[in-house]
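What follows is a short report on a single structure.
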Amino acid sequence: MSVESFGIEKEFLSDLLRQAREGRIQLPEFQRGWVWPEPNIIGLLSSISLGYPVGTTMMLRTGGQTRFKERPVEGIELPANSSAERLLLDGQQRLTSLYQALMLNRPVRTQNERKHEVEGWFYVDIDQALDETYDRENAFRFIPADRVVRTDFARSVELDLSTPEKEYAAGMFPLTRVFDADDWAEGFREHHDYDKAASKRWQAFNKQFVKRFEQYLVPVIELSATTPREAVCQVFEKVNTGGITLTVFELLTATYAADEFDLRQDWQECQQHWADGHYQVLHGVAETDFLQAITLLATYRKHAEHTDAQSDRALRIGCRRSDMLRLPLEDYRACSRDIVAGLKAAAHFLHHRYIFDVKSLPYGSQLIPLAAIHAVLGQEWNTHDAQQKITRWYWSGVFGELYSGTTETRFARDLPEVVDWVRGKGPEPRTVQEAQFPPQRLHTLRTRNSAAYKGIYALLMAGGAQDWISGNDVNAATYFDEAVDIHHIFPKAWCTRNGVPRTTYDSIVNKTPLSAHTNRVIGSAAPSAYLARLIRGEGVSEDALLKHLQTHLIDTKPLSEDDFWAFFERRERELLDRITAAMGTDRPDPSEAAS
């Protein structure tokens, strides 16, 4: 955005408020509601009455290609087809507060310092406002809606301003008359029988207080109508005094609403496609994730169109914030349902790899390229070769831990590279080539905060891990019905008693998926003791139990002998074999895993 794209002028506060009342100044729909409480409003009024600066206001001139749905400033009712000349980007809370206090002409609904809802009018005490030794903020009063201040649990009246005559008598000036004070001033003088002292008092107040509102100038930065949408949004977030970052979804909701499209409602309808229990793994997909996947697909398709046409203007594939903000409504419409289908296909893909819910999902972010890959491949997705390659790419991302941190660049690389690889038109994707799993990483995987930790959990279940008591394979039904979770093989209490460091016994090497019932039976006993308990108390034959244990990549001999370190070393090797097989790489030298 060049310097020529904006100008800075000073405008009278009264003119700005009148333009808001007429609908010439409105708010873009992405602006949040008015939230300023009574003490903040009084502070603002006090600053203006003293001629102090209260900050710059920023506007966007309408009429350009960047369109947002408009809404009036809080408290203003406009005809349905009212069109703004400028949109208020920064200064909403201040301008709205001033409009409410000075021009609304009905009680202001706000909050007090305790955040309780209150309703009333703003007044200023004339004598206190004229007293230079008096704190100006204390000269303002917020009077209840009926203009009567009561004390002693509403049994007595402290101040009654319910008529103009009572205002005159109390010397309390209503702020709603600050831009039209002549009639009130005449009534004040008349009430005091045109007493010279009273007239002089008003003249001083008019000069030192009222005129400051009438003459107050507000610096206004105005962005031209040619300012692009992403620049408007970036500027808004940099200067907005509310300090609340707007999401891309909120900004696009306001943009699409200008074309009578309700993005929020459409998103809710899309969510219903995976709202039931069959798609629990998708329950963490947020609206911004959905938009990112759509943008990724839309830019891929445009890139492909230009490439096929041998254009020298091939568009970049991307789904950064700036890309999403430029997403045209027609592209959203064209791609959204394909991404819905892609997400559902991604859920089925993950189910086949024994990832059933959000807590066991290694990377939620990997759903974005996965859904887009399905949308591009269509029926090709279902072929055996495609599934083999996509699976290898998926586990490379998980065990290479390549989807943590900023991922937009990887999304944009993975989509075309995986598609070309599946179609035999390109080499292995860089995610597959770059992925490495250092053996020593097994020792540091201790919680679900690690994607690779969850990945190993899923590989064990997918490899046929059976419950030690029932012998049931883990599937979508048993996973939920039997409360399958990951538990220690050598119990924590036993490890502590026998001097095994927590950093070692808490690693994934000493954990495996078990039902809640089996874990309770194991308890804190030594493996030799709980194995005997499983055989005697749970009716599991010794041969069956040994087979069940082996499905978990457990060497039964060191387990039955309570030999933690021999068990640990052998299982470590088995896990490394399982991981490298999933990634399609050679197993590294196991000696590298030594801590």
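The residues of the chain are indexed from 1 along the displayed sequence.
Proximity of Leu13 to Leu217: side-chain heavy atoms (C-beta onward) are nowhere separated by under 4.5 Å. Leu17 places a side-chain heavy atom less than 4.5 Å from the side chain of Leu102. Counting heavy atoms from C-beta outward, Leu45 and Leu98 have side chains that approach closer than 4.5 Å. No side-chain heavy atom of Thr62 sits under 4.5 Å from any side-chain heavy atom of Ser83. Side-chain contact between Phe179 and Met103 is present, with at least one heavy-atom pair separated by less than 4.5 Å. Proximity of Leu296 to Ile368: side-chain heavy atoms (C-beta onward) are separated by under 4.5 Å at one or more points. In this structure, the side chains of Met172 and Asp125 come closer than 4.5 Å at one or more pairs of heavy atoms. Within the 4.5 Å cutoff, side-chain heavy atoms of Met59 are placed close to those of Ile25.
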(request) Applying side-chain hydrogen bond (donor to acceptor under 3.5 Å, both in side chains), run through Asp323 and Thr295 and close with a yes or a no. (result) CA-CA 7 Å; Asp323 300 315; Thr295 305; over 6 Å; no

(request) Report the C-alpha distance between Phe356 and Val281 in whole Å, list the side-chain angles of each, state the deciding distance to 0.1 Å, and finish with yes or no for side-chain contact (heavy atoms from CB on, under 4.5 Å). (result) CA-CA 6 Å; Phe356 302 114; Val281 75; over 6 Å; no

(request) Decide yes or no on side-chain hydrogen bond (donor to acceptor under 3.5 Å, both in side chains) for Ser365 and Thr407, but give the supporting numbers first. (result) CA-CA 8 Å; Ser365 59; Thr407 52; 4.7 Å; no

(request) Start with the C-alpha distance between Leu16 and Val220, add both sets of side-chain angles, then the distance that settles side-chain contact (heavy atoms from CB on, under 4.5 Å), and finish with yes or no. (result) CA-CA 10 Å; Leu16 292 175; Val220 177; 4.2 Å; yes

(request) Quick one: do Gln92 and Leu27 satisfy side-chain contact (heavy atoms from CB on, under 4.5 Å)? Show the steps, please. (result) CA-CA 8 Å; Gln92 176 206 4; Leu27 303 172; 3.7 Å; yes

(message) Apply ring pair (Phe, Tyr, Trp, His ring centres under 6.0 Å) to residues Phe261 and Tyr332 and explain how you reach the verdict.
(response) CA-CA 11 Å; Phe261 182 81; Tyr332 174 88; 5.7 Å; yes

(request) Before giving the answer on salt bridge (Lys or Arg N to Asp or Glu O under 4.0 Å), spell out for Lys69 and Asp259 the whole-Å C-alpha distance, their side-chain angles and the decisive distance to 0.1 Å. (result) CA-CA 8 Å; Lys69 185 176 182 180; Asp259 291 314; over 6 Å; no

(message) Between Leu291 and Glu287, does the side-chain contact (heavy atoms from CB on, under 4.5 Å) criterion hold? Intermediate values first, please.
(response) CA-CA 6 Å; Leu291 286 175; Glu287 55 265 49; 5.6 Å; no

(message) Walk me through whether Arg86 and Glu222 qualify under salt bridge (Lys or Arg N to Asp or Glu O under 4.0 Å).
(response) CA-CA 8 Å; Arg86 295 187 292 179; Glu222 183 176 287; 3.1 Å; yes

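Checked against a 6.0 Å centroid threshold, the rings of Phe249 and Phe290 do not count as neighbours. In this structure, Phe12 has its ring center at least 6.0 angstrom away from the ring center of Tyr216. The ring of Tyr279 has its center no closer than 6.0 angstrom to the ring center of His283.
Distance check, rounded to the nearest 0.5 Å: CD of Gln111 to NE2 of His116 gives 9.5 Å. Interatomic distance, CH2 of Trp202 versus NZ of Lys207, reported as 15.0 Å (0.5 Å rounding). Here CD of Gln93 is found 9.5 Å from CD of Glu74. Values are rounded to the nearest 0.5 Å. In this structure, the separation between CD on Gln100 and OG1 on Thr176 is 12.5 Å, given to the nearest 0.5 Å. Going from atom CG of Leu251 over to atom OH of Tyr256 covers 11.5 Å, rounded to the nearest 0.5 Å. Within the model, atoms CD of Glu119 and CD of Glu38 stand 13.0 Å from one another, a figure rounded to the nearest 0.5 Å.
Within 6.0 Å of the CD atom in Glu113, the count of heavy atoms belonging to other residues, nucleotides or ligands exceeds 12. Applying the 6.0 Å contact sphere to NE2 of His273 captures more than 12 heavy atoms from other residues, nucleotides or ligands. Within 6.0 Å of the CD atom in Glu132, the count of heavy atoms belonging to other residues, nucleotides or ligands does not exceed 12. Heavy atoms from other residues, nucleotides or ligands lying under 6.0 Å from NZ of Lys454 number more than 12.
Arg189 has no carboxylate O lying under 4.0 Å from a charged side-chain N of Asp195, or vice versa, which leaves the two without a salt bridge. The pair Arg24-Glu85 meets the salt-bridge criterion, with a side-chain N (NZ, NE, NH1 or NH2) lying under 4.0 Å from an Asp/Glu carboxylate O. Salt bridge annotation for Glu158-Arg150: absent, with no cationic side-chain nitrogen under 4.0 angstrom from a carboxylate oxygen. Between Arg147 and Glu167 a salt bridge is recorded (basic side-chain N to carboxylate O distance below 4.0 Å). Taking 4.0 Å as the cut-off between side-chain N and carboxylate O, Arg177 and Glu214 do not count as a salt-bridged pair. One finds no salt bridge joining Asp266 and Arg333 here, because no Lys/Arg side-chain nitrogen approaches an Asp/Glu carboxylate oxygen to under 4.0 Å. The pair Asp485-Lys359 counts as a salt bridge, with a side-chain nitrogen and a carboxylate oxygen less than 4.0 angstrom apart. A salt bridge links Lys302 with Asp331: the closest approach of a Lys/Arg side-chain nitrogen to an acidic carboxylate oxygen falls below 4.0 angstrom.
Looking at every heavy atom in both residues, Ala375 comes nearest to Ile339 through CB-CD1, 4.5 Å. Taking both residues in full, the closest heavy atoms of Pro219 and Gly55 are given as CD-O, 3.9 Å, listed atom of the first, atom of the second, then distance. For Leu252 against Met324, the heavy-atom pair with the smallest separation is CD1-O, 3.4 Å. Between Ile355 and Leu361 the shortest heavy-atom distance is CG2-CA, 3.8 Å. The shortest heavy-atom contact between Tyr403 and Pro369 is OH-CG, 3.7 Å. Closest of all the heavy-atom pairs between Ala412 and Gly318 is CB-CA, 4.2 Å.
In this structure, the side chain of Gln292 engages the main chain of Cys319 through a donor-acceptor pair within 3.5 Å. Although no hydrogens or angles enter the test, the distance criterion places no donor-acceptor pair under 3.5 Å between the side chain of Arg109 and the main chain of Gly120. Using a distance-only test at 3.5 Å, with no hydrogens or angles considered, a donor-acceptor pair links the side chain of Ser47 to the main chain of Gly43.
Classified by interplanar angle (parallel below 30°, tilted 30° to 60°, perpendicular above 60°), the ring pair Phe213/Phe209 is tilted.
Looking at Phe140, Trp121, Tyr123, Trp184 one by one, the single match for ring pair (Phe, Tyr, Trp, His ring centres under 6.0 Å) with Phe173 turns out to be Trp184. Considering Asp338, Val376, Ile317 as possible partners of Arg301, the one that fulfils the side chain to side chain contact (heavy atoms under 4.5 Å, CB included) test is Asp338.
Counting only N and O atoms by type, the side chains of Tyr194 and Glu186 include a donor and acceptor under 3.5 Å apart. Looking at Arg61 and Thr227, their side chains never bring a donor and an acceptor atom within 3.5 Å of each other. For the residue pair Gln128/Arg136, the side-chain donor-acceptor check at 3.5 Å is not satisfied.
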